[in-house]
2 protein chains.
Amino acid sequence: MKKREIYNRQTGCSVENTVQFISGKWKSVIMYHLLNNSTQRFGQLNAKIPSCTPRMLARQLNELEQDGLVEKHVYETVPMVTDYSATTFGQSLVPVITAMSEWGDKYNALAKAHAK
Amino acid sequence: MKKREIYNRQTGCSVENTVQFISGKWKSVIMYHLLNNSTQRFGQLNAKIPSCTPRMLARQLNELEQDGLVEKHVYETVPMVTDYSATTFGQSLVPVITAMSEWGDKYNALAKAHAK
DNA sequence: CTGAATCCCGAACGATACTG
DNA sequence: CAGTATCGTTCGGGATTCAG
């Protein structure tokens with residue numbers, strides 16, 4: 001998988017830089033699961049993100065890999081096994097993903113309280 | 001501006017919940033500027049996000065308002081003046097936006113170091 | 001099991017021009 | 001100043017099928 005050049009994407013806005021790497025409907029969710037579980041197989045990720053189709057999972061994983069956030073290890077066994085894990089660069093996103101997760105939790109609590 | 005129902009969007013995934021609110025190419029950037037400068041006029045925001053067209057800025061602001069993250073105050077003077085500010089709900093995003101901003105800063109430093 | 005290939009659609013985005 | 005109207009384009013994402 002050819003890597004994208006990731007060092008020429010400054011936008012002059014720090015937030016906008018970050019958006020470029022984690023935009024996409026599933027990227028931050030994928031990173032969340034990878035950062036919380038070290039190594040994950042394709043099927044494991046798929047099971048944890050059921051509303052993401054295998055096609056989309058593969059595509060977003062490819063982009064994350066091209067951006068240097070994720071590493072892929074293929075074992076040419078039968079049946080094939082593939083491991084995904086966050087790179088060091090990817091792990092630097094921990095504060096971002098954590099903040100997003102915590103906000104989503106608070107939102108859940110809010111919504112629940114509002115429902116009853 | 002009619003509000004969207006924001007309390008029925010739980011997805012079972014905390015990160016995914018958050019993504020729903022700040023997805024969109026400019027929303028997190030807009031929130032960044034609103035959270036750092038309290039009240040901002042349309043033109044001020046536009047000046048700070050030059051690569052966002054007025055049309056897109058208006059649309060994303062509308063969505064943020066419908067989602068309860070942003071408040072809009074219109075002064076029917078001539079010429080017209082409009083103030084935007086983050087609601088309390090919107091301010092709860094501070095940790096998320098801050099984390100994104102800090103990551104973007106680090107990325108900038110990395111990219112700069114890589115360039116030379 | 002993993003994930004590429006093809007096809008398709010709607011949403012998101014952008015440029016330009018225009019208005020109260 | 002603060003947007004809207006219109007139009008066109010691009011891109012993300014889904015369904016299905018197929019392959020190593």
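Every chain is numbered from 1 and lettered A, B, ... according to where its sequence line falls, protein lines coming before strand lines.
Between B/M56 atom CE and C/dA11 atom C1' the separation is 11 Å, expressed in whole Å. Residue B/R59 contributes atom CZ, which lies 9 Å from atom C1' of C/dA11 at whole-angstrom precision. Atoms CG (A/N62) and C1' (C/dT2) sit 11 Å apart, rounded to a whole Å. Between A/Q66 atom CD and C/dG3 atom C1' the separation is 15 Å, expressed in whole Å. Atom-to-atom, CG of B/L61 to C1' of D/dT4 comes out at 14 Å; the value is rounded to the nearest Å. Taking atom CG of residue A/N46 and atom C1' of nucleotide D/dG13, one finds them 15 Å apart after rounding to whole Å. If you measure from atom CD of A/E65 to atom C1' of C/dT2, you get 14 Å, rounded to the nearest angstrom. One interatomic measurement links the two molecules: CD of A/Q44 to C1' of C/dG3, which rounds to 16 Å at whole-angstrom precision.
Residue whose closest nucleotide on DNA chain D sits further toward the 5' end, between A/G24 and B/V74: B/V74.
You'll find that the side chain of B/K25 is closest to C/dC13, out of C/dA4, D/dT4, C/dC13. Of all nucleotides listed (C/dC13, D/dA2, D/dG13), C/dC13 comes nearest to the side chain of B/Q60.
Among residue pairs with one or both ends in residues 26-47 of chain B, those qualifying as salt bridge (Lys or Arg N to Asp or Glu O under 4.0 Å) are B/K27-B/E63; sequence neighbours excluded. Legend: salt bridge (Lys or Arg N to Asp or Glu O under 4.0 Å) pairs involving residues 51-61 of chain B, not counting sequence neighbours: none detected. Sorted by first and then second residue, the pairs that involve residues 81-96 of chain B and meet side chain to side chain donor-acceptor pair (under 3.5 Å), not counting sequence neighbours, are A/W103-B/S92. Each salt bridge (Lys or Arg N to Asp or Glu O under 4.0 Å) pair with one or both residues in residues 86-95 of chain A, not counting sequence neighbours, would appear here, but there are none.
Axis angle, first five pairs versus last five pairs of the helix from C/dC1-D/dG20 to C/dG20-D/dC1: 60°, rounded to 10°.
Contact between the side-chain N/O atoms of B/Y84 and the OP1/OP2 oxygens of D/dC1 is not found at any separation under 4.0 Å. Put simply, A/T82 has no side-chain N or O that comes within less than 4.0 Å of OP1 or OP2 on C/dC1. OP1 or OP2 of D/dA2 has not a single side-chain nitrogen or oxygen of B/K72 nearer than 4.0 Å.
For B/R9, the salt bridge (charged side-chain N to carboxylate O under 4.0 Å, His left out) criterion is met by B/D67, not counting sequence neighbours. For the ring-ring contact (aromatic ring centres under 6.0 Å, His included) test, no residue two or more places apart in sequence or in another chain qualifies with B/Y75. With sequence neighbours left out, the side-chain hydrogen bond (donor to acceptor under 3.5 Å, both in side chains) criterion links A/S101 to B/S14. Partners of A/N108 by side-chain hydrogen bond (donor to acceptor under 3.5 Å, both in side chains), not counting sequence neighbours, listed by chain and number: B/N17. Applying the salt bridge (charged side-chain N to carboxylate O under 4.0 Å, His left out) criterion to B/E71, with sequence neighbours excluded, gives no partner residue.
For DNA chain D, the neighbouring residues in residues 26-38 of chain A, judged by any heavy atom under 4.0 Å, are A/W26.
Classification of the B/Y107-A/F89 ring pair by plane angle, with boundaries at 30° and 60°, yields tilted.
Contact detail for B/A99 and A/P95: the closest heavy-atom pair is CB-O, 3.7 Å.
Among the protein residues, B/Y75 comes within range of no part of the nucleic acid, since none of its heavy atoms lies under 4.0 Å from any strand.
When atom types are taken as modelled, the side chain of B/Q60 and the backbone of B/W26 share a donor-acceptor pair closer than 3.5 angstrom.
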Along nucleotides 15-20 of chain C, 5' to 3', which nucleotides get a B, which get an S, and which get a -, given that the test is a protein heavy-atom distance under 4.0 Å?
B-----

